[in-house]
Structure formats: structure tokens, C-alpha cells
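Structure record follows, encoded as C-alpha cells.
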Amino acid sequence: MYKIALICSMSVSCQALKTVIEKEIQTKELQCVVECFPIEKSEKIKNRFNIAVLMPQVKYNVKKVQDIVAPIPVIVLSKELFQQCNGKELIKKILNV
């Protein structure tokens, strides 16, 4: 099971992305789970997830999150990908890290 953590300032804006990602996971029958976290709860990700995905509005915290969740990879979604809310492209970006 591949575990994806979505991180934003209060975990509100990533809820819509979680929904479209989960639909794509279902469509492709992937073995993945997705959870959302506010940035101040990043420590809950360490040793529990395979990847941490930062929303563009918190990209300035990438180093801080990398330090907290290491050795888990951390990626930052582009503003364009975030705004498109395209599940197929989002899961492709996340799983190709």
C-alpha cells in the first residue's frame, strides 16, 4: 500500500485534491491511500507515509518539512497542477517521484 500525505496550511485546500486523487486511484485500481495534514502536523507523516506532497501555497516550508519527515521524499505541486485539480495528472506526478 502506497501512502500519500497531502500538506497545506490548514489541510482544507487539499481536500478537493484528495477527492480527485482518490477517484483516479479507484479508476486505476491502485493500492494507495491519501490523507491530508496541516503543515504544523507534519511530524505525523514520518515513518507512516511514502511521500509528502506540499501544496503550492506552503512551498516556502519545503525545507522545514523535508527536515521533519526525512527520509520520506517531499514534492511541491506546481500552482498550475494544483489549480487544474486533474486527478490523472496529479497521481502521475506523485507516483513518478
Side-chain angles (χ1 to χ4, degrees):
M1 181 72 62
Y2 195 78
K3 296 181 178 182
I4 303 164
L6 303 179
I7 304 170
C8 66
S9 57
M10 297 178 63
S11 82
V12 176
S13 62
C14 59
Q15 290 296 332
L17 291 183
K18 178 183 179 196
T19 302
V20 297
I21 291 170
E22 286 176 332
K23 284 181 184 175
E24 187 65 20
I25 288 169
Q26 251 184 342
T27 300
K28 293 191 174 198
E29 298 180 359
L30 301 171
Q31 296 297 311
C32 298
V33 294
V34 183
E35 286 187 45
C36 297
F37 294 89
I39 198 150
E40 70 269 1
K41 305 259 179 167
S42 297
E43 72 280 351
K44 292 186 175 197
I45 296 165
K46 189 171 184 154
N47 300 321
R48 294 183 48 225
F49 288 82
N50 300 96
I51 190 165
V53 182
L54 265 64
M55 301 303 106
Q57 64 270 32
V58 292
K59 67 181 178 184
Y60 60 89
N61 281 315
V62 69
K63 177 70 173 127
K64 174 183 173 182
V65 173
Q66 285 172 331
D67 291 344
I68 292 169
V69 304
I72 297 168
V74 177
I75 63 168
V76 178
L77 286 184
S78 69
K79 185 177 178 181
E80 295 76 26
L81 194 53
F82 176 77
Q83 290 172 337
Q84 290 169 1
C85 207
N86 180 322
K88 184 177 182 177
E89 292 302 316
L90 287 164
I91 201 72
K92 187 168 128 183
K93 167 82 173 171
I94 293 166
L95 296 180
N96 286 328
V97 170

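Hydrogens, waters and symmetry mates play no part in the numbers below; they use all other heavy atoms, side chains included.
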Cut-off 3.5 Å, no hydrogens considered: what does the side-chain donor-acceptor table look like for residues 66-82, sequence neighbours left out?
residue : atom : partner : partner atom : Å
Asp67   : OD1  : Lys63   : NZ           : 2.9
Ser78   : OG   : Leu81   : N            : 3.0

Expected list for residues 22-42: side-chain donor-acceptor pairs under 3.5 angstrom, two or more places apart:
residue : atom : partner : partner atom : Å
Thr27   : OG1  : Lys23   : O            : 2.9
Ser42   : OG   : Ile39   : O            : 2.6

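Residues passing the side chain to side chain donor-acceptor pair (under 3.5 Å) test with Gln15: none are found, sequence neighbours excluded.
Here CD1 of Ile4 is found 7.5 Å from CD1 of Ile51. Values are rounded to the nearest 0.5 Å. Between atom CG of residue Leu6 and atom CD1 of residue Ile45 there is a gap of 9.0 Å, rounded to the nearest 0.5 Å.
Residues in residues 5-17 take part in no salt bridge (Lys or Arg N to Asp or Glu O under 4.0 Å) pair, two or more places apart or across chains. For residues 47-62, the set of pairs meeting the side chain to side chain donor-acceptor pair (under 3.5 Å) definition, not counting sequence neighbours, comprises Ser13-Gln57.
Counted within 6.0 Å of NZ on Lys18, heavy atoms from surrounding residues, nucleotides or ligands total more than 12; the atom is thus considered enclosed.
When every heavy atom of Cys85 is checked against every heavy atom of Leu17, the shortest pair comes out as SG-CD2, 3.5 Å.
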What verdict does the side chain to side chain contact (heavy atoms under 4.5 Å, CB included) test give for Val53 and Leu90, after you've listed the backbone C-alpha separation in whole Å, the side-chain angles of each residue and the deciding distance to 0.1 Å? CA-CA 10 Å; Val53 182; Leu90 287 164; over 6 Å; no
